[in-house]
Amino acid sequence: MAMSIASIEGKRTLNFIDGAMRPPKSGRYLPSFDPTNGEPWYEAADSDAGDVDEAVAAAKRAFLSPDWRRMTQTQRGKLVAKLADLVGAHAAAIGAMETRDNGKLLKEMVAQVSYTPETFRYFAGMADKIQGDTIPINKLDMFNFTLREPIGVVGIIVPWNSPMYLIAGNCAPNLAIGNTVVLKPSEHTSASALAFAELVIEAGFPKGVVNVVTGYGSGAGDALTRHPDIAKIAFTGGTETGKKVAANAASHLAPCNMELGGKSPHIVFDDADLDRAANGIVAGIFAAAGQSCVAGSRVFVHKRAFDEVVHKVIERGRAVRIGHPTDEDTQLGPLALKAQLDKVQRYVGYAVEDGAKCVLGGRQPQNAALARGWYFEPTLFVNVHNDMRLCRDEIFGPVAGVMAFEDEADLMRQANDTVYGLAAGIWTRDIDRAMRFARDVDAGLVWINCYRTAAYTSPSGGFKSSGYGKHNGFEAIREYTRLKNVMIDYSGVTHDPFVMRMKS
Ligand code: TXE
């Protein structure tokens, strides 16, 4: 892999189409900013519909070419496994580029990228296990079966918070299945997607199987989702953007897999281990500066434990070490975008306006060394109601509101009173209560006595305005294959042509 921070700093990156790096047709480039100082550090191709057309055409050719279509499952699996090794070998360099792009901790980004080879290997192993069924149909002289087939060109759009992690989760199943992809990374984090493209070629994938088009959502993203040759869209991003993407895809009846925002409830009962619970709350909302789709941004604490838990979270929040994301000791880096910092500040203002009381943070750190970056302190509000803007909208920053609840009924009413349904966490030693909560909560992922853990083997994806469809696990294979039914008549009988053969 030739790409690294040093190789692109101050330079321009291109698109990756049909196995080669190509400049954008418009000749335009967009700046990628370093969140620690607000300075642009390289420029990425600002692609438009022309570039997307070329990439989709290349992906379509690749899908139909015998090099890919007639490759055996075992060979395809081996290629995906080779890619796993290559991504693993370059995890440090890819993670470093991601940190420079999105400001998240270097140790977190390297850990995320280092985990992705397991995702590739999991799906590599799946390549020769994608199979249909034989289904009896009450006709003794007929044989009936299903084929699970690749669907074609998949458009993948990922955001800036965990680029390579989401690239792996979306690309790995598609490559194992035999689809081809056009990947559009966020305009804020183009580098890791292009580094990944280099590794795809190094692994030996036929050209055109993976294409990367960088650019804005309103340009390249919009064109990709409207393109009639896209068989399915895999989108991860904000809910409002997701609605636009789904509308575009509907214009050519392309299905979507939507991993959108959240406003996840994080619950503490008074019988819980309150230290572990407080630690979990910190992990849920202050880790990654709250820029996580599953952030536990609505905290509900039983009234008997309320003061103690709030006190513990404040203590831990005050001790969080804010600093440069590449420093080993740093626990909280900057927000990824100036727009995110503005949004966080706006919502802190709304919370105060709506009558909430800030008991932790609420401002940028008063540290001259961090003044140029988009940093924000861990922030906690009390005197909060679930209908405040603080609790209605996804903020995507290190900001949570804590509310007290009376009993389980009161809790369930408040926890489910949101348009979102992505994740939920509960801390309690009462397994019956935990199971009742898991059963009744509207969330695609429920954590009991833990928070913010993930597994590539396990299906993830939300309900309601958090989206639809699943990532990871065998569900991902179902998402990106189509099921064909084949019936064979071996009776040798000529049937009445005017009567559909329903009964035996
Ligand atoms: O995300 P967008 P943004 C939420 C979070 C954040 C808000 C806005 O609340 O504050 O969204 O962030 C591409 N057609 N999440 O603006 O716009 C875009 O280029 C096609 C939650 O950064 O959703 C990028 O590649 N594509 C989320 C991707 O969509 C379009 C993670 C995500 O960008 C497009 C990120 C369009 N019209 C933000 N407009 C999570 N759930 O993890 C944009 N894009």
Side-chain angles (χ1 to χ4, degrees), residues 1-36 38-52 54-55 59 87 90-91 93-104 109 112-113 116 155-171 181-201 210-225 234-238 241 291 325 336-340:
M1 187 182 90
M3 256 182 82
S4 64
I5 287 184
S7 78
I8 59 172
E9 183 149 24
K11 305 210 176 70
R12 288 175 162 174
T13 59
L14 308 179
N15 287 321
F16 178 75
I17 298 175
D18 209 14
M21 293 292 176
R22 294 192 192 174
K25 289 183 182 303
S26 67
R28 286 194 312 265
Y29 292 82
L30 58 85
S32 203
F33 296 95
D34 179 339
T36 64
E39 299 289 334
W41 70 283
Y42 69 100
E43 289 185 326
D46 173 8
S47 313
D48 59 22
D51 305 296
V52 168
E54 238 177 48
V87 172
H90 296 283
I94 296 173
M97 284 188 270
E98 294 203 326
T99 289
R100 189 81 189 266
D101 260 346
N102 70 8
K104 282 171 74 175
M109 297 325 286
Q112 274 191 11
V113 181
T116 63
I156 298 175
I157 297 178
V158 293
W160 40 263
N161 55 340
S162 298
M164 191 59 217
Y165 178 78
L166 293 166
I167 290 169
N170 284 292
C171 285
V181 307
V182 177
L183 167 66
K184 196 207 81 67
S186 164
E187 57 271 36
H188 307 293
T189 52
S190 306
S192 57
L194 294 164
F196 172 67
E198 289 187 348
L199 299 180
V200 165
I201 286 299
V210 173
N211 304 273
V212 179
V213 179
T214 63
Y216 292 109
S218 54
D222 184 72
L224 183 61
T225 54
F235 177 79
T236 311
T241 310
Q291 301 167 114
L337 322 175
K338 174 71 168 58
Q340 276 309 125

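Computed over heavy atoms, backbone and side chain alike; hydrogens, waters and symmetry mates excluded. All residue numbers in this chain count up from 1 along the given sequence.
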Verdict with reasoning, Glu98 to Thr189, per side-chain contact (heavy atoms from CB on, under 4.5 Å):
CA-CA 7 Å; Glu98 294 203 326; Thr189 52; over 6 Å; no
Verdict with reasoning, Trp41 to Ile8, per side-chain contact (heavy atoms from CB on, under 4.5 Å):
CA-CA 8 Å; Trp41 70 283; Ile8 59 172; 3.7 Å; yes
Could you go through the side-chain contact (heavy atoms from CB on, under 4.5 Å) check for Ser32 and Arg100 one step at a time?
CA-CA 9 Å; Ser32 203; Arg100 189 81 189 266; over 6 Å; no
Determine whether Leu166 and Asn161 satisfy the following criterion, side-chain contact (heavy atoms from CB on, under 4.5 Å), listing intermediate values before the conclusion.
CA-CA 9 Å; Leu166 293 166; Asn161 55 340; 4.1 Å; yes
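In this structure the side chain of Leu199 reaches within 4.5 angstrom of the side chain of Ile94, judged on heavy atoms. Residues Val181 and Asn170 are not in side-chain contact: their nearest non-hydrogen atoms beyond the backbone lie 4.5 Å or more apart. Side-chain contact between Ile167 and Thr116 is absent, with no heavy atoms from C-beta onward closer than 4.5 Å. Residues Phe235 and Thr225 have side chains not in contact (no heavy-atom distance under 4.5 Å, counting atoms from C-beta outward). By the 4.5 Å heavy-atom criterion applied to side chains, Glu54 and Asn15 are not counted as neighbours. Side-chain contact between Val87 and Met164: present, with at least one pair of heavy atoms (C-beta onward) separated by less than 4.5 Å. Taking the side chain as every heavy atom from C-beta outward, Tyr29 and Leu14 approach each other to under 4.5 Å. Contact annotation: the side chain of Pro163 approaches that of Met109 to within less than 4.5 Å [non-hydrogen atoms, C-beta and beyond].
Scanning all heavy atoms of the two residues, the minimum distance from Pro31 to Pro40 falls at CB-CB, 3.9 Å. Listed here is the closest heavy atom pair of Ala336 and Pro35: O-CG, 3.5 Å. Taking every heavy atom of both residues into account, Gly38 and Phe33 meet most closely at O-CD2, 3.5 Å. Of all heavy-atom pairs between Pro325 and Gly103, the closest is CB-O, 3.2 Å. Here the closest heavy-atom approach between residue Ser186 and residue Trp160 is recorded as OG-CD1, 3.5 Å. Closest of all the heavy-atom pairs between Ser7 and Ala2 is OG-O, 3.5 Å.
Paired with Val52 under the rule side chain to side chain contact (heavy atoms under 4.5 Å, CB included), one option of Val213, Asn211, Val182 passes, and it is Val213. Under the side chain to side chain contact (heavy atoms under 4.5 Å, CB included) test applied with Ser47, the options Thr214, Val212, Ile17 reduce to a single match, Thr214.
A donor-acceptor pair is defined here as one N or O able to donate and one able to accept, closer than 3.5 Å; such a pair exists between the side chain of Glu198 and the backbone of Met3. Using modelled atom types, one side-chain atom of Lys184 and one backbone atom of Gly215 make a donor-acceptor pair closer than 3.5 Å. Counting only distance, with no hydrogens or angles, the side chain of Thr99 and the backbone of Ala96 share no donor-acceptor pair below 3.5 Å. Looking at Asn102, its side chain never comes within 3.5 Å of a backbone N or O of His188 through a donor-acceptor pair. At distances below 3.5 Å, not a single donor-acceptor pair connects side-chain atoms of Tyr216 with backbone N or O atoms of Leu30.
To the nearest 0.5 Å, the span separating NE2 on His90 from OG on Ser4 amounts to 11.0 Å. In this structure, the separation between CG on Asp34 and CD on Glu9 is 8.5 Å, given to the nearest 0.5 Å. Summarising the geometry, atom CG belonging to Leu194 is positioned 11.0 Å from atom CE belonging to Met1; distances are rounded to the nearest 0.5 Å. For the atom pair Thr236 OG1 and Tyr165 OH, the distance stands at 10.5 Å (nearest 0.5 Å). To the nearest 0.5 Å, atom CG of residue Asp48 and atom CG of residue Asp222 are 11.5 Å apart. With rounding to the nearest 0.5 angstrom, the CZ atom of Arg22 is 9.5 Å from the CG atom of Asp51.
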